[in-house]
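Order of the sequence lines fixes the chain letters, A, B, ..., with proteins taken first and strands second; residue numbering starts at 1 for each chain.
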There are 2 protein chains.
Amino acid sequence: MSSDLKENFAFRPGRRTARPGTQPPAPRSAGDADGSVPSRTANRPGPTALAAKVRTMAPSMTRSMQRVAEAVAHDPAGCAQLTVTGLAERTGTSEATVVRTSRLLGYPGYRDLRLALAGLAAQQESGAAPAVTADIVVDDPIADVVAKLALDEQQTLADTAAALDVAQVEAAVAAMAAARRVDVYGVGASGLVSQDLAQKLLRIGMVAHSHVDPHLAVTNAVQMRAGDVALAITHSGRTVDVIEPLRVAFDQGATTIAITGRPDGEVAQYADHVLTTSTARESELRPAAMSSRTSQLLVVDCLFIGVAQRTYETAAPALSASYEALAHRHSPRQRTR
Amino acid sequence: MSSDLKENFAFRPGRRTARPGTQPPAPRSAGDADGSVPSRTANRPGPTALAAKVRTMAPSMTRSMQRVAEAVAHDPAGCAQLTVTGLAERTGTSEATVVRTSRLLGYPGYRDLRLALAGLAAQQESGAAPAVTADIVVDDPIADVVAKLALDEQQTLADTAAALDVAQVEAAVAAMAAARRVDVYGVGASGLVSQDLAQKLLRIGMVAHSHVDPHLAVTNAVQMRAGDVALAITHSGRTVDVIEPLRVAFDQGATTIAITGRPDGEVAQYADHVLTTSTARESELRPAAMSSRTSQLLVVDCLFIGVAQRTYETAAPALSASYEALAHRHSPRQRTR
DNA sequence: CTCACAGACGGAAGATATTTTCATATCGAC
DNA sequence: GTCGATATGAAAATATCTTCCGTCTGTGAG
């Protein structure tokens, strides 16, 4: 009789009280420092099952409970924000009813239902979030711009990494690591990349120079000879200001490397090793320079790391030395890491 | 007219005082108990951003807080099961520290962090766990270096995008679009980023300048006043060569923007708008400069696009003009696509 | 129509969990 | 080594959740 019903409704009376060392089975409770809090893994329904559960159980619920269940099923995200009191008010019921509903849905109490609710909301949101792949347009809100740019650049990176010819990188790295000096040519946006590379190579004790001025670049290229490395960076592959010095260095017998988006471009003719960069589609607001830069930087970073690996003996101390040298350029007081 | 000027000056009364180092704690978010309207979540970071946030904020955390953050990032599902006491015990800290960490991560308290954790866990469970990137080591073959670098940078981009405060970007863009002139300060690796930004702004017809020489930067900063925008880029947040000109510009009444990986750093004190960059963990061979650069560039690109959108009338023709101007610098013969 | 009863329901006491406070421990600069 | 500043945890103060229990509603019998 009443015992029958009681079992149905009042399951596990003392379930939440942690004290009486009830159920020890804890699959992955490794980190339970001192075991004072038994980890409750439980067979509680996951967030996915929650919606279904609500529909299944709804008929067998009392009116007030149904209101709670409905609110929960209808707006998991919103309800997850509410305390037990809040949800009670929203549904025009009492805290006790909310807890009873939670129990009926298979959770030890409202706290756990709320957790599952948050999970459900997150799942729904992630599932509903369609990847923004469209072009950036004039009236995009900033949030979209950020998301689109980030995705585009990620795509560019993935493409570049996939398309990069490892053998060419290997050869380029070997040449650079062994080089007496490394000269890098680049103008415009690529000029910054060339400076970035030169900066980093300098940091590990190599003799590297970035030439942005085309005249000086040619002037210097004349000095190059076997054992030196000349590296040209041009997205279009046909920037004369960059091709020219590379050609000169090439003629002088230096080892030449080209980083370009067009491996069939003119620059490749004078390059011993060609490293191909990938580019995202460009749009009116997003000049090609932007994604080519991302791509170029990745290639340049790979070269740098490669060279650093091969010259580790000298690179490592040089790196830390350059760090220390900069220390006094920082303001002193700052909390410890 | 005069009233206009007046407004410009009366604009910020107490402006000469640097902002205190820490941001005001987020006011306890409403909607906890009101339950009247199904109003959506505030601007509390969602579960997606959490992992990114942990990585971003980790450096500015104290040791105990880092332990908590690490536990949370490492096992969101497990931690979501724990009470504040449980998590404190697991990490060998106190409840207070757990709460402090939650606050630092952008939640009103542990309760909300726990909710987000549950969401994150659910998401992770539904989506296949992405590959974990190992550190780059000395004897990695080049192919691995390429793959790891690309993944790291992608991660950095995703983190940055997730952690970027859109409102701050919005404000920065608005200020820049309306600015009489924009000065950008950056040294070292950040100097290249600053040049990149200035270059692009120039392309769309803005008056922008990148200052790499700290002395000249300060000299120029003195000229700044209300209606001008000064932008400082520093990963560490405490590069004096960059902070100094920003401070001067700030004192002169210019609108100041900081792009930094340490929003709690000194540079933030003199910045009206702080844009936070994220960083991948660095290793011996992979200095922080590398990933901070990626992150900074994304932010800078967002600013650029935002400004271009808002000044579209002048930006679009200026862009195409700059393309045409460069045409004759390319070698002529090349198939199109 | 009234009464008695079963069960739903909410108010408030009781139990937990979270947040805040404050004294102490620790760290770093000088 | 001393001093000042910051970080940290213990415990008090709140907030939140759960349980208990009395009231209320609806139902069916008399």
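The CZ atom of B/R63 sits 11 Å away from the P atom of C/dT26 (whole-angstrom rounding). When the C1' atom of C/dA15 is taken as reference, atom CD of A/E95 falls 15 Å away, rounded to whole Å. Here the P atom of nucleotide D/dC17 and the CG atom of A/L117 are 13 Å apart, to the nearest Å. Taking atom CZ of B/R67 as the reference point, atom C1' of D/dT8 lies 10 Å away to the nearest angstrom. The distance between atom CG of B/L104 and atom P of C/dT19, rounded to the nearest whole Å, is 15 Å.
Ion pairing between a basic and an acidic side chain is recognised when a charged N comes within 4.0 Å of a carboxylate O; A/D75 and A/R90 show such pairing. Looking at B/E244 and B/R247, a side-chain N of the basic residue comes within less than 4.0 Å of a carboxylate O on the acidic one, giving a salt bridge.
Atoms CZ and OH, from B/R103 and B/Y110 in turn, are 14.0 Å apart once rounded to the nearest 0.5 Å. In this structure, the separation between CG on B/D159 and CG on B/L298 is 11.0 Å, given to the nearest 0.5 Å.
The side chain of B/S64 contributes an N or O atom lying less than 4.0 Å from OP1 or OP2 of D/dT8. At C/dC9, none of the side-chain N or O atoms of A/S94 fall inside 4.0 Å of OP1 or OP2 (strictly under the cut-off). OP1 or OP2 of C/dT20 sits under 4.0 Å from a side-chain N or O of B/R103. B/R114 has a side-chain polar atom (N or O) that falls below the 4.0 Å cut-off from OP1 or OP2 of C/dT18.
For A/A96, taking side-chain heavy atoms from C-beta onward, the closest of the listed nucleotides C/dT18, C/dT21, C/dG10 is C/dG10. Distances from the side chain of B/T83 to the nucleotides D/dT8, C/dA17, C/dC9 place C/dA17 closest. Of the candidates C/dT18, D/dT18, D/dT8, the closest approach to any side-chain atom of B/T97 belongs to D/dT8. Taking every side-chain heavy atom of A/V99 into account, D/dT18 is the closest of D/dT8, D/dT18, C/dT20. The side chain of B/T62 approaches D/dA7 more closely than any other nucleotide in the set D/dT19, D/dA7, C/dT19. Here the side chain of B/Y110 is nearest to one of C/dG10, D/dT8, C/dT18, namely C/dT18.
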Report the C-alpha distance between B/Q296 and B/S190 in whole Å, list the side-chain angles of each, state the deciding distance to 0.1 Å, and finish with yes or no for side-chain contact (heavy atoms from CB on, under 4.5 Å).
CA-CA 8 Å; B/Q296 289 169 354; B/S190 303; 3.4 Å; yes
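Nucleic acid contact for B/R100: base, since at least one base atom lies under 4.0 Å from a heavy atom of the residue.
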